Amino acid sequence: MDGQRRILEDHAIAIRQGRIVEIEKASALQKKYSTAEVIDASGCIVMPGIVCSHSHLYGMLLRGASLKITPPSDFTQILQRVWWPVDEAMTLEDAYASALVASADFAKSGVTTFADTYSGPNSISGVLDNIARAVNEIGIRGLIAIEATERHSKEEGSKGVQENVRFAEKIKAISESKVKPIFSIHASFTVSDDLIRLVRTLASKYQAPITIHTSEGMGDLHHNLENYGKRTVERLHDIGLLGPNVVLAHCVNLDESEIGLIAKTKTGVAHNPMSNMLNAVGVAPVLEMLARGINVGLGNDGYIFDMFENMRAAYLLHRVRYKNPNAIDAQVILEMATINGARLYGMEKEIGSIEPGKRADIIIIKPNLLPTPLNASSVVGHLINTVDGDDVDTVLVDGEPIVRNKKPLTFDEAKVQSTSQAAAAQLWSRLGSTQPQIDSVKK
Ligand SMILES: [Zn+2]
């Protein structure tokens with residue numbers, strides 16, 4: 001994943017002080033850096049750490065949960081009956097526990113950077129400190145925010161914004177932080193124009209990206225048509241929100257003119273194919289967006305944390321939608337999961353590819369069972385069709401190993417699991433359910 005998308009065999013990567021300094025034939029670099037520590041990656045795939053462009057770490061606590069609710073029949077009901085009650089039940093401790101287990105899962109499966117939005121009206125103040133503490137314990141990069149929403153009241157919206165401002169101020173004082181602030185707005189149908197303008201102003205002040213759920217279900221579109229006489233992206237554009245540092249999550253229900261506005265303003269999009277399938281909201285027009293030059297990254301939306309599964313889902317979903325076996329190229333999927341994700345958050349000069357000068361966020365993949373030869377011509381096909389997160393052998397962030405030989409170095413898996421399970425059990429109990437009945441759903 002360099003500028004020319006070269007696939008190099010028998011090469012080595014020299015790393016110094018957390019950055020990639022040279023990529024050359026292995027034999028040449030071994031002579032040049034004869035005293036360096038060597039990680040042997042022979043027979044393996046070496047690629048940039050994966051960037052998950054849209055996530056909700058706290059979604060982890062709902063895995064396998066059953067909620068005693070009337071089954072939702074559309075996406076708005078999924079939010080109202082599942083997610084919003086969960087949000088209300090979340091505590092500051094739950095935020096920490098979920099961020100810990102989710103970051104551990106990301107790290108083990110090769111994700112070195114993610115963008116997260118937390119939601120919890122009863123656990124706003126200080127929550128980003130708890131999430132940051134968990135992410136720092138694991139050692140990967142996190143772009144974190146609590147969503148601003150006026151779902152219950154204007155005051156709730158202000159408190160969410162204030163927590164993001166507080167955290168942005170705190171991080172400003174730290175020279176090197178792997179956890180960075182972003183601003184998040186829940187969705188256009190739970191906020192006023194004023195709140196969107198306020199977040200736009202503050203994000204510019206702190207030079208931080210903004211993310212907002214956009215046209216995920218049809219409720220978003222109907223709300224804006226009924227209340228503003230505009231389609232969702234049209235309203236966001238007219239308020240002045242759109243721009244190169246804004247990431248619209250989902251963008252499922254767009255028309256041609258909205259795609260045109262996103263392209264014109266160089267706004268980014270995070271595509272979440274598995275969540276979209278789970279929530280039955282439809283298929284985002286990713287091919288049309290890519291054709292218009294829109295930068296599209298790949299997210300999990302808090303659902304399946306193995307990004308190789310998400311890559312495979314994106315690869316398959318657009319083939320089905322267009323009934324075209326050539327709908328989307330495997331290389332494009334890899335770009336969405338790496339360099340495009342980095343570009344969405346203004347980090348493309350630092351991460352997202354393996355090139356001299358960039359930070360050494362690198363993963364080494366050693367498939368447990370490789371049925372066919374691995375070489376320059378087969379590697380992309382293997383990454384999309386063969387590899388799972390469990391095949392990730394080594395993970396480096398800033399050149400520092402987080403995982404080696406499939407074993408975590410920065411955290412105790414048993415401890416992470418017990419912390420998460422204890423928090424989940426209590427959360428489920430507060431939600432009034434312990435028996436698995438329906439699949440967990442993410443927003
Ligand atoms: Zn989401």
Side-chain angles (χ1 to χ4, degrees), residues 51-63 72 74-87 90 95 98-99 102 105-106 111 113-121 127-128 131 142-149 151 160 164 182-191 199 209-221 232-233 236 241 246-254 267-284 286 296-305 307 309-310 313-314 336-337 341 344-345 439-443:
V51 179
C52 177
S53 298
H54 179 78
S55 193
H56 304 283
L57 304 186
Y58 77 102
M60 267 295 196
L61 295 186
L62 227 61
R63 185 68 53 83
D74 65 17
F75 179 64
T76 304
Q77 289 183 359
I78 289 174
L79 290 180
Q80 290 167 341
R81 295 179 190 179
V82 181
W83 278 103
W84 293 351
V86 170
D87 292 357
M90 287 290 293
S98 56
D105 204 327
F106 270 153
V111 173
T113 300
F114 64 83
D116 169 58
T117 291
Y118 178 77
S119 179
V127 73
L128 295 177
I131 294 171
L143 302 157
I144 67 171
I146 179 166
E147 66 183 17
T149 177
R151 200 181 295 158
N164 285 308
I182 55 175
F183 282 81
S184 173
I185 301 167
H186 168 240
S188 70
F189 59 95
T190 66
V191 293
V199 171
I210 304 172
T211 187
I212 177 170
H213 293 100
T214 304
S215 283
E216 184 174 2
M218 290 301 282
D220 205 359
L221 175 61
T232 305
V233 174
L236 298 178
L241 177 74
V246 176
V247 180
L248 307 180
H250 301 294
C251 287
V252 174
N253 300 293
L254 300 184
T267 305
V269 171
H271 175 42
N272 301 275
M274 296 191 88
S275 162
N276 293 161
M277 286 191 262
L278 183 71
N279 288 331
V281 292
V283 183
V286 168
V296 182
L298 194 65
N300 80 334
D301 202 22
Y303 184 33
I304 304 297
F305 280 71
M307 286 300 287
E309 285 196 45
N310 288 279
M336 288 168 67
L344 281 182
Y345 293 96
D439 200 4
S440 68
V441 282
K442 314 299 166 206
K443 63 176 182 175

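In this text the structure is predicted, and so the values were computed from the model without any measurement. Values below: every heavy atom of this structure, side chains too, minus hydrogens, waters and symmetry copies. One-based numbering, in listed order, for ligands and for the atoms of each. Residue numbers run from 1 in the order of the sequence given.
Checking Glu216 against the Zn ion (ligand 1), every N/O/S atom stays at or beyond the 2.8 Å cut-off. At a cut-off of 2.8 Å, His250 is not counted among the residues with an N, O or S atom near the Zn ion (ligand 1).
In this structure a side-chain-to-backbone donor-acceptor pair under 3.5 Å is present from Arg63 to Tyr303.
For the atom pair Asp220 CG and Thr76 OG1, the distance stands at 8.5 Å (nearest 0.5 Å). Put simply, CZ on Phe75 and NE2 on His213 are 7.0 Å apart, with the number rounded to the nearest 0.5 Å.
Angle NE2 (His56) to the Zn ion (ligand 1) to NE2 (His54): 100°, rounded to 10°.
A donor-acceptor pair shorter than 3.5 Å cannot be found between the side chains of Thr214 and Thr232.
Summary: OD1 is the N/O/S atom of Asp301 found nearest to the Zn ion (ligand 1).
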